[in-house]
Amino acid sequence: MKKMLVLLVVVMAALSAHAQEMYLGGGISLWRNTDLDKTSFSITPDVGYELSEQWALGIELAYAHKGEEISTNAFALAPYARYSFYENKIVRLFLDMGFGFSTQKARHQDAVNGFEIGVKPGMAIKLNHQFSLITKVGFAGYRDDYFRGEGSGFGVSVEGENISIGIDYEF
(Lines give C-alpha, C1' and ligand atoms only; values in the text may rest on other atoms or scores of the structure.)
Protein backbone atom coordinates (compact mmCIF):
# COMPACT_ATOMS: atom_id res chain seq x y z
CA MET A 1 0.00 0.00 0.00
CA LYS A 2 2.84 2.40 0.87
CA LYS A 3 4.56 1.65 -2.46
CA MET A 4 1.35 2.45 -4.33
CA LEU A 5 0.97 5.73 -2.43
CA VAL A 6 4.60 6.69 -3.13
CA LEU A 7 4.11 5.82 -6.82
CA LEU A 8 0.96 7.95 -6.95
CA VAL A 9 2.80 10.90 -5.36
CA VAL A 10 5.69 10.56 -7.83
CA VAL A 11 3.32 10.42 -10.81
CA MET A 12 1.39 13.47 -9.58
CA ALA A 13 4.65 15.37 -9.04
CA ALA A 14 5.82 14.48 -12.54
CA LEU A 15 2.54 15.65 -14.06
CA SER A 16 2.63 18.93 -12.15
CA ALA A 17 6.26 19.47 -13.18
CA HIS A 18 5.03 19.51 -16.78
CA ALA A 19 2.39 22.12 -16.06
CA GLN A 20 1.77 24.63 -18.86
CA GLU A 21 3.21 22.21 -21.43
CA MET A 22 -0.04 20.62 -22.58
CA TYR A 23 -3.09 22.32 -23.98
CA LEU A 24 -6.62 21.27 -24.77
CA GLY A 25 -8.87 23.32 -26.98
CA GLY A 26 -10.88 23.46 -30.12
CA GLY A 27 -13.90 25.13 -31.55
CA ILE A 28 -17.51 24.69 -32.51
CA SER A 29 -19.63 26.16 -35.25
CA LEU A 30 -23.37 26.27 -35.79
CA TRP A 31 -25.25 27.56 -38.82
CA ARG A 32 -28.99 27.55 -39.48
CA ASN A 33 -30.06 27.85 -43.14
CA THR A 34 -33.55 29.28 -42.91
CA ASP A 35 -34.17 28.94 -46.67
CA LEU A 36 -33.68 25.16 -46.57
CA ASP A 37 -34.79 24.75 -42.94
CA LYS A 38 -31.54 22.83 -42.21
CA THR A 39 -28.83 23.13 -39.56
CA SER A 40 -25.08 22.57 -39.99
CA PHE A 41 -22.53 22.26 -37.21
CA SER A 42 -18.98 21.14 -36.49
CA ILE A 43 -17.02 20.19 -33.38
CA THR A 44 -13.21 20.35 -33.58
CA PRO A 45 -11.39 19.45 -30.36
CA ASP A 46 -7.60 19.49 -30.34
CA VAL A 47 -4.86 18.58 -27.90
CA GLY A 48 -1.19 19.52 -28.01
CA TYR A 49 2.11 19.35 -26.19
CA GLU A 50 4.57 22.25 -26.06
CA LEU A 51 8.08 20.99 -26.76
CA SER A 52 9.65 24.42 -26.24
CA GLU A 53 8.70 28.10 -26.27
CA GLN A 54 8.53 27.97 -30.07
CA TRP A 55 7.49 24.43 -30.99
CA ALA A 56 4.44 22.32 -30.16
CA LEU A 57 2.93 19.13 -31.53
CA GLY A 58 -0.81 18.63 -31.66
CA ILE A 59 -3.69 16.79 -33.20
CA GLU A 60 -7.13 18.00 -34.18
CA LEU A 61 -10.19 15.80 -34.47
CA ALA A 62 -13.25 17.01 -36.32
CA TYR A 63 -16.85 16.02 -36.78
CA ALA A 64 -19.02 18.05 -39.12
CA HIS A 65 -22.63 17.74 -40.18
CA LYS A 66 -23.82 19.75 -43.17
CA GLY A 67 -27.58 20.04 -43.25
CA GLU A 68 -27.98 21.08 -46.86
CA GLU A 69 -30.25 19.65 -49.55
CA ILE A 70 -28.35 16.37 -49.06
CA SER A 71 -27.15 15.87 -45.48
CA THR A 72 -23.45 15.06 -45.12
CA ASN A 73 -21.41 13.81 -42.14
CA ALA A 74 -17.62 14.10 -42.04
CA PHE A 75 -14.83 12.98 -39.71
CA ALA A 76 -11.22 14.19 -39.83
CA LEU A 77 -7.92 13.60 -38.05
CA ALA A 78 -5.23 16.26 -38.51
CA PRO A 79 -1.84 16.14 -36.70
CA TYR A 80 0.25 19.32 -36.85
CA ALA A 81 3.45 21.01 -35.71
CA ARG A 82 2.99 24.55 -34.36
CA TYR A 83 5.82 27.06 -34.75
CA SER A 84 5.42 30.26 -32.70
CA PHE A 85 7.47 33.05 -34.27
CA TYR A 86 6.40 36.06 -32.20
CA GLU A 87 5.21 36.42 -28.61
CA ASN A 88 4.72 39.19 -26.11
CA LYS A 89 2.81 39.13 -22.82
CA ILE A 90 -0.61 38.88 -24.48
CA VAL A 91 -0.29 37.93 -28.18
CA ARG A 92 1.44 34.96 -29.81
CA LEU A 93 1.63 34.49 -33.60
CA PHE A 94 2.12 30.98 -34.95
CA LEU A 95 1.97 28.69 -37.98
CA ASP A 96 0.27 25.29 -37.80
CA MET A 97 1.98 23.03 -40.34
CA GLY A 98 0.43 19.64 -40.88
CA PHE A 99 -1.75 17.28 -42.78
CA GLY A 100 -5.22 15.91 -42.33
CA PHE A 101 -7.23 12.90 -43.41
CA SER A 102 -11.00 13.02 -43.74
CA THR A 103 -13.91 10.87 -44.73
CA GLN A 104 -17.33 12.23 -45.55
CA LYS A 105 -20.54 10.57 -46.53
CA ALA A 106 -23.64 12.11 -48.01
CA ARG A 107 -26.96 10.37 -47.57
CA HIS A 108 -27.49 7.62 -50.19
CA GLN A 109 -23.98 8.13 -51.65
CA ASP A 110 -20.59 6.46 -51.25
CA ALA A 111 -18.08 7.81 -48.73
CA VAL A 112 -15.39 10.15 -50.05
CA ASN A 113 -11.91 10.12 -48.47
CA GLY A 114 -9.64 13.12 -48.72
CA PHE A 115 -6.54 14.78 -47.35
CA GLU A 116 -4.87 18.15 -46.98
CA ILE A 117 -1.31 19.24 -46.40
CA GLY A 118 -0.38 22.82 -45.70
CA VAL A 119 0.03 25.75 -43.33
CA LYS A 120 -2.56 27.65 -41.29
CA PRO A 121 -1.42 30.96 -39.77
CA GLY A 122 -2.86 31.78 -36.38
CA MET A 123 -2.86 33.99 -33.32
CA ALA A 124 -3.32 33.25 -29.62
CA ILE A 125 -4.51 35.96 -27.24
CA LYS A 126 -3.95 35.22 -23.55
CA LEU A 127 -7.12 35.78 -21.56
CA ASN A 128 -5.48 34.74 -18.27
CA HIS A 129 -2.80 32.34 -17.03
CA GLN A 130 -4.56 29.22 -18.38
CA PHE A 131 -7.00 30.29 -21.12
CA SER A 132 -6.20 31.68 -24.57
CA LEU A 133 -8.41 32.73 -27.45
CA ILE A 134 -7.11 31.01 -30.59
CA THR A 135 -7.85 32.11 -34.13
CA LYS A 136 -6.61 30.66 -37.40
CA VAL A 137 -7.01 32.60 -40.61
CA GLY A 138 -6.76 30.92 -43.97
CA PHE A 139 -4.91 28.00 -45.46
CA ALA A 140 -1.96 27.61 -47.83
CA GLY A 141 -1.34 24.19 -49.32
CA TYR A 142 -2.95 21.31 -51.18
CA ARG A 143 -6.35 19.68 -50.64
CA ASP A 144 -7.78 16.59 -52.30
CA ASP A 145 -11.48 16.10 -51.48
CA TYR A 146 -10.85 17.27 -47.91
CA PHE A 147 -14.10 17.95 -46.08
CA ARG A 148 -13.33 21.68 -45.62
CA GLY A 149 -12.27 22.38 -49.18
CA GLU A 150 -13.97 22.79 -52.52
CA GLY A 151 -12.69 19.67 -54.24
CA SER A 152 -9.04 19.19 -55.14
CA GLY A 153 -6.32 21.74 -55.76
CA PHE A 154 -3.66 23.93 -54.25
CA GLY A 155 -3.38 27.57 -53.38
CA VAL A 156 -3.73 30.22 -50.71
CA SER A 157 -7.03 31.21 -49.15
CA VAL A 158 -7.23 34.13 -46.71
CA GLU A 159 -10.79 35.35 -46.52
CA GLY A 160 -13.38 36.19 -43.90
CA GLU A 161 -15.21 32.90 -44.38
CA ASN A 162 -12.04 30.92 -43.62
CA ILE A 163 -11.54 32.05 -40.01
CA SER A 164 -11.76 29.68 -37.05
CA ILE A 165 -11.98 30.82 -33.44
CA GLY A 166 -11.59 28.65 -30.37
CA ILE A 167 -10.37 28.47 -26.80
CA ASP A 168 -7.27 26.67 -25.47
CA TYR A 169 -6.83 25.57 -21.87
CA GLU A 170 -3.21 25.09 -20.78
CA PHE A 171 -2.42 22.68 -17.97
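Values below: all heavy atoms of this structure, side chains included; hydrogens, waters and symmetry mates excluded.
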When hydrophobic residues are tied together by side-chain contacts of less than 4.5 Å, even through go-betweens, does [X] share a cluster with [Y]?
X	Y	answer
Phe99	Tyr142	yes
Tyr146	Phe154	no
Leu24	Phe131	yes
Trp55	Tyr80	no
Tyr169	Ile43	no

Just verifying a value: how many Å separate [X] [atom1] and [Y] [atom2], rounded to the nearest 0.5 Å?
X	Y	atom1	atom2	answer
Ile125	Ser132	CD1	OG	9.0 Å
Glu170	Glu50	CD	CD	5.0 Å
Ile28	Thr44	CD1	OG1	9.0 Å
Phe171	Tyr23	CZ	OH	11.0 Å
Lys38	Ser71	NZ	OG	4.5 Å
Phe85	Phe94	CZ	CZ	9.0 Å

Ser42 side chain to Tyr63 main-chain N or O, any donor-acceptor pair under 3.5 Å? no

Under 3.5 Å donor-acceptor, Thr135 side chain and Ile165 backbone: no

Side-chain donor/acceptor pairs under 3.5 Å, residues 100-112, sequence neighbours excluded:
from, atom 1, to, atom 2, distance (Å)
Ser102, OG, Phe147, N, 3.3
Thr103, OG1, Asn113, OD1, 2.8
Lys105, NZ, Gln109, O, 2.5

Which atoms form the tightest heavy-atom contact between [X] and [Y], and what is the distance?
X	Y	value
Ala140	Val156	CB-CG2, 3.9 Å
Arg143	Glu116	NE-OE1, 2.7 Å
Asn33	Leu36	OD1-N, 3.1 Å

Could you check if a side-chain atom of [X] sits within less than 4.5 angstrom of a side-chain atom of [Y], using non-hydrogen atoms only?
X	Y	value
Leu61	Leu77	yes
Asn88	Tyr86	yes
Ile134	Ile167	no

So salt bridge (charged side-chain N to carboxylate O under 4.0 Å, His left out) across residues 90-102, not counting sequence neighbours, yields Arg82-Asp96, Asp96-Lys136

Results of salt bridge (Lys or Arg N to Asp or Glu O under 4.0 Å) for Asp35 - residues two or more places apart only: none

Should the heavy atoms of other residues, nucleotides or ligands under 6.0 Å from CZ of Phe41 be counted, would the total exceed 12? yes

Answer yes or no: are there more than 12 heavy-atom neighbours, outside Met123 itself, under 6.0 Å from its atom CE? no

